[in-house]
Structure formats: structure tokens, C-alpha cells
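A quick note: this is a predicted structure, and the numbers were derived from the prediction, not measured. Values below: every heavy atom of this structure, side chains too, minus hydrogens, waters and symmetry copies. Order of the sequence lines sets the chain letters (A, B, ...), proteins ahead of strands, with each chain counted from 1.
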2 protein chains.
Amino acid sequence: MTRQAPTLEDVAREAGVSRATVSRVVNGIRNVAPDIQDAVREAIERTGYAPNRAARALVTRRAETIALVVSGAGGESEQEQSAFASRMLTDPFFGRVVGGVITFLRPRSMYPVLMFAETAEARRQVVSYLRQGSADGALVFSTHAADPLPTLLADADLPCALFARPPAGTAVSHVDVDHREGGRLAADRLAARGCRRVATVTGPLDLPAARDRLDGFQTAMARHGQPVVPVREGDFTAAGGAAAMHWLLAEHPDTDGVFAANDLMAIGVMEAAGETGRRVPDDVAVIGFDDSGVAAAGRPPLTTVRQPMEEMAATMARLLQEQIEGTRTTPASVVFDAELVVRASA
Amino acid sequence: MTRQAPTLEDVAREAGVSRATVSRVVNGIRNVAPDIQDAVREAIERTGYAPNRAARALVTRRAETIALVVSGAGGESEQEQSAFASRMLTDPFFGRVVGGVITFLRPRSMYPVLMFAETAEARRQVVSYLRQGSADGALVFSTHAADPLPTLLADADLPCALFARPPAGTAVSHVDVDHREGGRLAADRLAARGCRRVATVTGPLDLPAARDRLDGFQTAMARHGQPVVPVREGDFTAAGGAAAMHWLLAEHPDTDGVFAANDLMAIGVMEAAGETGRRVPDDVAVIGFDDSGVAAAGRPPLTTVRQPMEEMAATMARLLQEQIEGTRTTPASVVFDAELVVRASA
DNA sequence: GTGAAAGCGCTAACAT
DNA sequence: ATGTTAGCGCTTTCAC
């Protein structure tokens, strides 16, 4: 049998001081004489003491834990839910975001609790989890518009921060990139390359982000002398991008430039171009969005509009943290600049 | 200001019973009269009571939380650590595994805490996290052999379960697939197709899994009349697979079949084949390993050796759970069968 | 079947 | 600068 883990009490006895003093040393509070500090530290070492998190959380009313929840529409079945989780995780976009979150949390010895909320029931569980004090707040990634979760959390007065603009009427802290500006950057680049018959593959148009990218792109193309841009809606997957491109090429065989609303679709677009005998960028230039892991690995390497996702994710975590600590009482909105990363595809 | 969350006490007062009775109802313990149960449930509803997890954990000595730790070698810098996290998450293999874990945990209202342990310091933190009782056990995914974490955890008597065989000398529960058998399946398929000059791209050979796949493949190929198989070591990435294939084709231009030790590398192999003017599967047949998300989406769709990863992950979670509950005292080892999934590439 | 009471291990006033 | 003390909200004997 494993013997009982040592408690503050044990350490105090060992060091010949009171529990309070040990607690002060453990929590790095000054007002403890250096020699006593040493004695305590030694006692901690000898006993192999590790503070009990539940006990601490009970009195501080802090779990020192945050939830990272991926919210979106998905199937109801268990299998579909697992597939949703797997698909989201595998998305290179998500990988960078989690990396950013981790970078912020790690120095604080915090680790995110991973939650998926694609059904009403799952959303309830997320709210319940937070209400139990299991986590102090939530970082929410919505994969579709009109996601009810942010509102649910806000109504329950639970700290949260969003990646992407919140639904109208819900005031919560969030970070976002200037999608419109990103679309403009793509248009400017294609125009500068001399593309005259440009098309675009958008994301799901119920997503404001997808709409804004399209809008910025169209507006800029109009300024460049192409007021009408063929548009095909995609689903942010490579296969969806390829299908959209095949459709576009069938309708407009002379297309010489394409803006895809994310890198995965841009990869699909390039594949479709190759399959129809077109060279990238000579016959058709391709620009993606995100600058996710797949962009640089593309064939050819993808010119894309970069979102500073790690930075955005870290900022989102900071906003949440401020809310939890009570440093911030009004929701903040931080919008980051998009940036064109020129590689070989356009 | 948010008003205090209701406690058991509040519910008890509201229902006109004692705290103990409310606790019994909340925890579904029988021996409570039906009418009292109803009264309590109503009081819970009215007060909006949610049990405090820290308080419960303090007395039950259970966090009802498990850690999902990705352990491996990586750089020391913060940026490299973030990149490690991002790379692992993005790996389609990992996506399926996490999906399997989630499927097991969700019905139990549990959510995994995501941890990365690629440095000695990070490993210490994982151990410390568990020792504090923040999580009841760990699911460990080692990305390289000789990972010290399993031993560290075992020595500290902390419940854990591994995906893949543990280091020699460390007895911990784990799940694995029969890699040797998987290699054999690939060899049999290539031989059955009539491939006579077969080569292979392995994973990092310090990984027992990679060694075993190679070993099973070579042994079977010898039986099929090709005792010497050109071998090139890869790194489980698509780019690495492509590079390895280019090398193989330069040395052995007449290669007519390739077994890649994972799907990502197989994708790279197919790309390299295409770039050198070879058609898959007509000029060169390609078989991958894993049947991860990218396999079916490959061009052409990839024939591959399937690991039942969701099932393996769920089993691993169950083994951990049994350890935590004390139902299991001796480590278990569950090995799953590999299965050939035939698509178009071979 | 229900209640009273004793902690779980810790922090934070408050004394000293 | 250190110790004393009173809980945090819950589960769990043990009486009744």
C-alpha cells in the first residue's frame, strides 16, 4: 500500500514551525526569516511534500485550470463526436492555436482541459463543468456562427474569451484577425502579378470570418478592375477546395488566379489545378489563408495570408486570465493585422 | 457582484433535510425515501446548486481528472516546445487517438488535461502535477524510445497507461498493435500484386514500433523471394517520406513497390513518385501504415495497414481507470491486430 | 431512512 | 516575523 502523502502538518512538525509558516514558504510570501525558509525547504525536501491542489482550491476558490473548448456543430452520435474531435485536432489551424495557448499557460504551471461542445448536451456539460469550479474560465473556439456557447457562458457569468467575433448581443472578450484586410492583401498580390481573371473559394459563408475575407477580397478586386469575381463556397478542407476548384475551372477555364479562404483548401485548389494540367503559379496563381503548417510544405510552397495565431491565442489566454483575476471587468476586443507571406504559389 | 454559489447547506435548508441527505441524493445513493428525493431534487433545481468539485476531491481523494501527456524529445526553447505541441496535435495519428480517449471519458463526464513533456523540466512538472492530486493518472504517448517518463511515473507509484510498449524494466499497463504482423500484411499485399523489387521507408529506428514494422516486412519479403530490401529511414512526416523516396529511386530506379511506415510518409512517397514521372500503383505500388485521416484522402487513396486507434485509446483509458479505481493491481498489456485496408495505391 | 459531527489539507485573518 | 484559529464545501462513519 502506498503510504499517506505528507501534508503541511507533517512538514511543519519536521521543521519545527507552524503550518502557516510552511504555507508562506510554499507560496513564496515574504515575511519569513531566511533561516526558517531554509529549514522549511529542507523539511519539504525530506518529506517529499507536494501541496494538495483540491485543498488549496477549496479555500482559494480557484481551480488554477482553464478549459479549452472547441465548439461547433456536429453529429449527435458518439462516433460522430469522436470524429469531430479528431477532425478539429488535426486541422493545422488548431495545432498552432493550441501551441499558443500552451506557451502562455506553461510558465504558470497550468494545463488546458480539452473539451468539445458540438451538441446541446455537450454545451450543458461545459457550463456545468465550469459552474462546479473545475475550471476558472474557458477559451472558446467556435467553428460556426450562431454558436450558443458564448452566450450561455456569458449569461452564467463564467469567464471566457473567444477566438473570433462573438455573436451579436453577447459582449465577451475576444481576439480576431482583420479578415477583410487579409482578403485585400490577397487581391493586391494577385493583381500585382498581373492576374486578370481571378476567382475565389470561400469558407462556409455562415461564418463571419469567411464572409469578411470574401468581402475584403471582392472589394479590392473591384478596385483592381475586376468587379465580378467567380465565387465557390468550400468547407475548409483540402478535398472541398479541390472540388470547388474543379467547379470553377469548368465554369471559367481561363481563370488565372485563385484566393482560397484557408491553406487546406488552397492545397486542394493546387491539386485540382495540377490534375487539369495547369501549372502553379504560371497558369494559375494560388493564395491561401492562415499560414498554417501545411502552407510551407505545399507543392509549390503556398503564398498565403498569415494570421499570427500563436500570438492571438496567447492574447486570448491573457484576456481570460485578467477576467479570472478580476483585473478586467469590461470585455476587450483585440484585432490583429493580417500579413502576406509570399512563397512560390503566387 | 456575483452572489455566492449555493452549497449543500443551502439546498438542505431549502428542502428541509440535512446536508447528508442531499449529498446522498446528489451521489445517487439509495436508502433515501422517494418523496424526500423529489423534494431534494426540487430544491437543487430552485437553488441552481452545482456541487463544488474541489470540496469533493478533498474528501474523496479523487480529482476525477486524467492527464493526456505527449512525451517526446524536443527543443528546450519555448518556441520549440510550442512547435512540438503543434506538430503532435496536427499529426493525424494523434487526432484519432484523442478521439478515442474522449469517447471513453465523455460518458463519465471527464475531460483530459493536455500536457506536453519534451524536456526534463516538463517531465518533472507532469510528475508534480499528478503528485498534487490534480489528476488521478496519466495516459502517455511516447514519441521516442527510452522516454524516461513512464519509469518516472511508475517509480512515483502514479497510475499510468502507455500507448506503445514501455521501456524494458518498467512494468506499466499499455496497449499496442502487432507491428510485425502489420509489416507482414504490407509485404504480402505487395507480393500478391506481383511487385518484385520492393523497398521500404521506415520510421525513426530508435522506435521499437518502427523496428518491428520493418522487421515484419523484411521477414515476409524474404519468404516472398526478396531477401534484400532497400531501406531508407524516414521521420514520419510527408516531406521526410518524399525525400526518402527520392533517395530510393535514385539508388534503385526499378523499384515497383514501397512500404512506408506511416501514412504521412506514404503520401510523401506518392508525391515523389509522381514528381519522377511514375504512376501509382501501376509503376510503383505504395502501402502506408495507420489508416489515419489522410489515407482515404490521398491521391490515389492509400492502401494501408490499419491500427484500430480509437479502440486502442479507449482500452488504454480503461486500463488506467481500473488502476485508479484499484480494480487492477498488475499491469496489463493489450495487443491489437493490424488489418490491411485496400484502396487504390496498392 | 435520516441526522449529527468529524474531518479532508489548505489559506488567511487575526493575534502576538 | 510567526503562531493560532476558523473555516472552504463536501463525504462518511456512526448514532438514532
Side-chain angles (χ1 to χ4, degrees), chain A residues 2-41 43-44 47-65 128-134 136 325, chain B residues 2-41 43-44 47-65 128-134 136 325:
Chain A
T2 310
R3 73 174 180 296
Q4 257 326 330
T7 72
L8 261 196
E9 186 73 57
D10 299 323
V11 179
R13 197 180 316 112
E14 178 83 13
V17 297
S18 73
R19 286 207 316 263
T21 299
V22 179
S23 175
R24 287 183 187 111
V25 172
V26 169
N27 294 299
I29 294 174
R30 44 185 177 290
N31 290 348
V32 176
D35 52 327
I36 297 217
Q37 286 198 33
D38 289 346
V40 170
R41 261 188 258 287
I44 288 176
T47 52
Y49 170 75
N52 179 307
R53 165 180 288 229
R56 180 179 286 176
L58 181 57
V59 46
T60 59
R61 297 162 171 293
R62 280 284 161 70
E64 296 293 348
T65 292
S128 150
Y129 192 81
L130 290 165
R131 293 221 319 134
Q132 297 184 5
S134 309
D136 302 319
E325 288 172 349
Chain B
T2 311
R3 71 173 182 295
Q4 258 323 331
T7 71
L8 261 196
E9 185 74 56
D10 299 322
V11 178
R13 198 181 313 114
E14 179 82 12
V17 298
S18 73
R19 286 206 315 261
T21 300
V22 180
S23 175
R24 288 183 186 109
V25 173
V26 169
N27 294 299
I29 294 171
R30 43 184 176 290
N31 289 351
V32 177
D35 51 327
I36 296 217
Q37 285 197 34
D38 289 346
V40 169
R41 263 189 258 286
I44 289 175
T47 51
Y49 170 75
N52 179 306
R53 165 180 286 229
R56 180 178 285 176
L58 182 55
V59 45
T60 60
R61 297 162 172 293
R62 279 284 160 70
E64 296 295 347
T65 292
S128 150
Y129 192 82
L130 289 165
R131 293 221 320 134
Q132 297 185 5
S134 308
D136 302 319
E325 286 172 351

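An angle of 30°, rounded to 10°, separates the two end axes of the helix from dG1(C)-dC16(D) to dT16(C)-dA1(D), each defined over five pairs.
Asp10(A) pairs by the salt bridge (charged side-chain N to carboxylate O under 4.0 Å, His left out) definition with Arg13(A), not counting sequence neighbours. By the side chain to side chain donor-acceptor pair (under 3.5 Å) test, Arg61(B) pairs with no residue at all, sequence neighbours left out. Contacts of Arg131(B) classified as side-chain contact (heavy atoms from CB on, under 4.5 Å), with partners at least two apart in sequence or in another chain: Ala50(A), Val127(B), Leu158(B). Applying the side chain to side chain donor-acceptor pair (under 3.5 Å) criterion to Glu64(A), with sequence neighbours excluded, gives no partner residue. Remark: Thr60(A) engages Arg56(A), Arg62(A) in a side-chain contact (heavy atoms from CB on, under 4.5 Å) (not counting sequence neighbours). Residues satisfying the side chain to side chain donor-acceptor pair (under 3.5 Å) test with Ser128(B), not counting sequence neighbours, are none. Remark: Ala43(B) engages Val11(B), Glu14(B), Ala15(B), Arg46(B) in a side-chain contact (heavy atoms from CB on, under 4.5 Å) (not counting sequence neighbours). The salt bridge (charged side-chain N to carboxylate O under 4.0 Å, His left out) test applied to Arg19(A) returns Glu9(A), not counting sequence neighbours.
Taking all atoms of both residues into account, the shortest heavy-atom contact from Ser18(B) to Ala12(B) is C-CB, 3.7 Å. Closest heavy-atom contact between Tyr49(B) and Pro6(B): CD1-O, 3.4 Å. The two residues Ala57(A) and Ala63(A) have their closest heavy-atom pair at CB-CA, 4.4 Å.
Rounding to the nearest 0.5 angstrom, the gap separating the CZ atom in Arg53(B) from the OG1 atom in Thr65(B) is 4.5 Å. Here the CG-CG distance, from Asn52(A) to Leu58(B), works out to 6.0 Å after rounding to the nearest 0.5 Å.
The outermost nucleotides of DNA chain C lying under 4.0 Å from heavy atoms of chain A, listed 5' to 3', are dG9(C) to dA13(C).
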Any protein N or O atoms within reach of nucleotides 2-6 of chain D? Criterion: under 3.5 Å, listing atom names and distances.
| residue | atom | partner | partner atom | Å |
| --- | --- | --- | --- | --- |
| dT2(D) | OP2 | Ala33(A) | N | 2.5 |
| dG3(D) | OP2 | Ser18(A) | N | 2.9 |
| dG3(D) | OP2 | Ser18(A) | OG | 3.1 |
| dG3(D) | OP2 | Thr21(A) | OG1 | 2.7 |
| dG3(D) | N7 | Arg24(A) | NH1 | 3.4 |
| dG3(D) | O6 | Arg24(A) | NH2 | 2.6 |
| dA6(D) | N6 | Arg19(A) | NH2 | 3.1 |

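Rounded to whole Å, atom P of dC8(D) lies 18 Å from atom CG of Asn52(A). A straight line from CD of Glu9(B) to C1' of dC8(D) spans 13 Å, rounded to a whole angstrom.
Within a heavy-atom distance below 4.0 Å of DNA chain D, the residues of residues 53-62 of chain A found are Leu58(A), Val59(A), Arg61(A).
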